[in-house]
Asks: 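First, the structure itself, so that you have it in front of you.
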Number of protein chains: 2
Amino acid sequence: MAIATSAFQDDPDALVILERFLPYRLNVLASLSSNALAQIYAERFGLSIPAWRVIATLGQYEYRTARDIAAHGVMHKSTISRAVSALEKRGLVGRRPNPADRREELLALTEKGAAVYTALAPQALAFERQLLSVLEPGEQRVLAALMDKLTTKARALAPDEEGRA
Amino acid sequence: MAIATSAFQDDPDALVILERFLPYRLNVLASLSSNALAQIYAERFGLSIPAWRVIATLGQYEYRTARDIAAHGVMHKSTISRAVSALEKRGLVGRRPNPADRREELLALTEKGAAVYTALAPQALAFERQLLSVLEPGEQRVLAALMDKLTTKARALAPDEEGRA
DNA sequence: TCAAAGTGGTTGCGTGTGCAACGAATAGCG
DNA sequence: CGCTATTCGTTGCACACGCAACCACTTTGA
């Protein structure tokens, strides 16, 4: 069995070292980060991951369609559909059909939804800062650049262009 | 509204820029990578993500308990339990109680399971190489180091020490 | 030595997810 | 124009997941 010496894997034999296998490491790190963040929006605000993403998207963009949110976040459209209808029932999100294309619905935060976002956003950012506190500012910039490259490539390699969660 | 200038977010006001929000980016990238990789092990081998992780772990370590696999991969123990019992039914994984501690069961690939691993591993590595092809070797090393730091920190911030998926 | 607390693993239950099929609306093309 | 192919969003269905309760076993400590 060869001893792997590079950062990832270049073994001549075909053995996957999980601790160095990029998709595995990405998923582990993403899960840890999601779980920790969920503590905030789930326990204190009763939001699911998809619901939080809808809120966050609308907090940033004001108007957006369900389709945009799904594609951008690599989630299935049915997931977003259900999250939106739950948020609508709670009075956090409103929808109005787009007159220019009546298949679409433009989503937006209600006042109540905006209040949730305002309460939530600083806590989310604080968590991000905690996580990033182990990296120097320069390292943070490098990380961002590397992730951009990888994400672009991963989108190109994606099975269809319809995202899943 | 402030214009964010750093790699991640240091806005004085509390607006989350999703495209720069680390937990979001991590999840998007991990989803893309998982979905693309799943093409291989799901369609061609009928394996779920947890099942693939069990196979990969046992391919690398030979003997391991369900608990180890779960903790390492930030998955719930029930997830692993079900994946293992499905793999056992298919004759890919065997289990034998650990005489030193009869609560545990040592898992291992059967010959058939090892054959699946042998067929699968090169394809998984090939996918990883495709993904990493957008990075220079030096960048790959940097990425690995940054992810290690982040993962360590994220484990420290994790809600409990019991992982979830 | 023995009761209580803790650990590895399983399973019933409720819920969330992806898929595929569908209705409504639009776009493309003969 | 009109007919087909697409696209946005919803929903029924089957399945997978997380949680909590549980069993078997081990560790702790009084």
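Here is how names work: the chains are called A, B, and so on, in the same order as the sequence lines, proteins then strands, and each is numbered from 1.
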Asks: D:dT10, OP1 or OP2 - any side-chain N/O from A:Ser81 closer than 4.0 Å?
Replies: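 True: A:Ser81 side-chain N/O within range (under 4.0 Å) of D:dT10 OP1/OP2.
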Asks: A:Val54, A:Leu106: one ILVMFWY side-chain cluster at the under-4.5 Å cut-off?
Replies: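 No; A:Leu106 is not reachable from A:Val54 via cluster members.
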Asks: Check the distance between D:dG18's P and A:Ile49's CD1 and give it to me in whole angstrom.
Replies: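 So the two atoms are 10 Å apart, to the nearest Å.
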Asks: Heavy atoms within less than 4.0 Å of DNA chain D: which residues of residues 88-105 of chain B have one? Give them sorted by number.
Replies: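 Listed by number, they are B:Asp101, B:Arg102, B:Arg103.
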Asks: In whole angstroms, how far is the C1' atom of D:dC19 from the CG atom of A:Asn35?
Replies: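 Those two atoms, CG and C1', are 14 Å apart.
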Asks: In this structure, how many angstroms lie between the C1' atom of D:dG9 and the CG atom of A:Leu106, rounded?
Replies: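 Those two atoms, CG and C1', are 13 Å apart.
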Asks: Quick check on the helix from C:dT1-D:dA30 to C:dG30-D:dC1: what's the angle between its two end axes, five base pairs per end, to the nearest 10°?
Replies: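 If I round to tens, the end axes sit 30° apart.
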Asks: Would a distance-only check, ignoring hydrogens and angles, find a side-chain to backbone donor-acceptor pair under 3.5 Å from A:Thr57 to A:Ile69?
Replies: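 No; judged by distance alone, with no hydrogens or angles, the pair does not exist.
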Asks: Side chains of B:Tyr61 and B:His72: do they bring a donor and an acceptor to under 3.5 Å?
Replies: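 Per modelled atom types, B:Tyr61 and B:His72 side chains form no pair under 3.5 Å.
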Asks: Output the rounded distance in Å from CD1 (A:Ile80) to P (D:dT7).
Replies: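 Nearest whole value for this atom pair: 19 Å.
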Asks: Would you say A:Ser85 reaches D:dT10's phosphate, i.e. side-chain N/O to OP1/OP2 under 4.0 Å?
Replies: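 It does not, given that no N or O in the side chain of A:Ser85 lies less than 4.0 Å from OP1 or OP2 of D:dT10.
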Asks: Would you say the side-chain atoms of A:Glu139 pair up with the backbone N or O of A:Glu136, donor to acceptor, closer than 3.5 Å?
Replies: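 Looks like yes, one N/O pair under 3.5 Å.
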Asks: Can you tabulate the close N/O pairs, meaning under 3.5 Å, that link protein atoms to atoms of nucleotides 12-15 of chain C?
Replies:
| unit_1 | atom_1 | unit_2 | atom_2 | d |
| --- | --- | --- | --- | --- |
| C:dG12 | O6 | B:Arg82 | NH1 | 3.4 |
| C:dG12 | O6 | B:Arg82 | NH2 | 3.4 |

Asks: Could you check how far NZ of B:Lys77 sits from C1' of D:dA24, rounded to whole Å?
Replies: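 These atoms are roughly 12 Å apart.
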Asks: Judged by modelled atom types alone, do A:Gln39 and A:Arg44 share a side-chain donor-acceptor pair under 3.5 Å?
Replies: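 No, because no side-chain N or O of A:Gln39 sits under 3.5 Å from a partner of the opposite role on A:Arg44.
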Asks: When you measure from the side chain of A:Lys112 to the backbone N and O of A:Arg90, does any donor-acceptor pair fall under 3.5 Å?
Replies: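 Yes; judged by distance alone, with no hydrogens or angles, the pair exists.
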Asks: Just by distance, do the side chain of B:Asn27 and the backbone of B:Pro23 share a donor-acceptor pair under 3.5 Å?
Replies: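 Yes, because the side chain of B:Asn27 sits within donor-acceptor range (under 3.5 Å) of the backbone of B:Pro23.
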Asks: So, the side chain of A:Glu104 versus the backbone of A:Pro97: is there a donor-acceptor pair under 3.5 Å, distance only?
Replies: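 It does not hold such a pair.
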Asks: Going by atom types alone, do B:Asp148 and B:Thr151 pair a side-chain donor with an acceptor below 3.5 Å?
Replies: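 No pair is found: no donor N or O on one side chain lies under 3.5 Å from an acceptor on the other.
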Asks: Using whole Å, what does the distance between atom C1' of nucleotide D:dG9 and atom CD1 of A:Ile69 come to?
Replies: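 Atom-to-atom, A:Ile69 to D:dG9, this comes out as 13 Å.
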Asks: Between P on D:dG9 and CG on A:Leu87, what's the gap in Å once rounded to a whole number?
Replies: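 Result: 15 Å.
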Asks: Report the distance from atom CZ of A:Arg64 to atom C1' of D:dG9, rounded to the nearest whole Å.
Replies: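 Spelled out: CZ on A:Arg64 to C1' on D:dG9 is 17 Å.
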Asks: Under a 4.0 Å threshold between the charged nitrogen and the carboxylate oxygen, would B:Arg95 count as salt-bridged to B:Glu88?
Replies: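 Yes.
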Asks: Remember a base hit wins even if backbone is also touched, and classify A:Ser48 as base, sugar-phosphate or nothing at under 4.0 Å, heavy atoms.
Replies: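 Nothing, no nucleic acid heavy atom in range.
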Asks: Looking at B:Tyr41, is B:Arg53 sitting on its ring face, NZ or CZ under 6.0 Å from the six-membered ring centre and within 45 degrees of the normal?
Replies: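 The answer is no, since B:Arg53 fails at least one limit relative to B:Tyr41.
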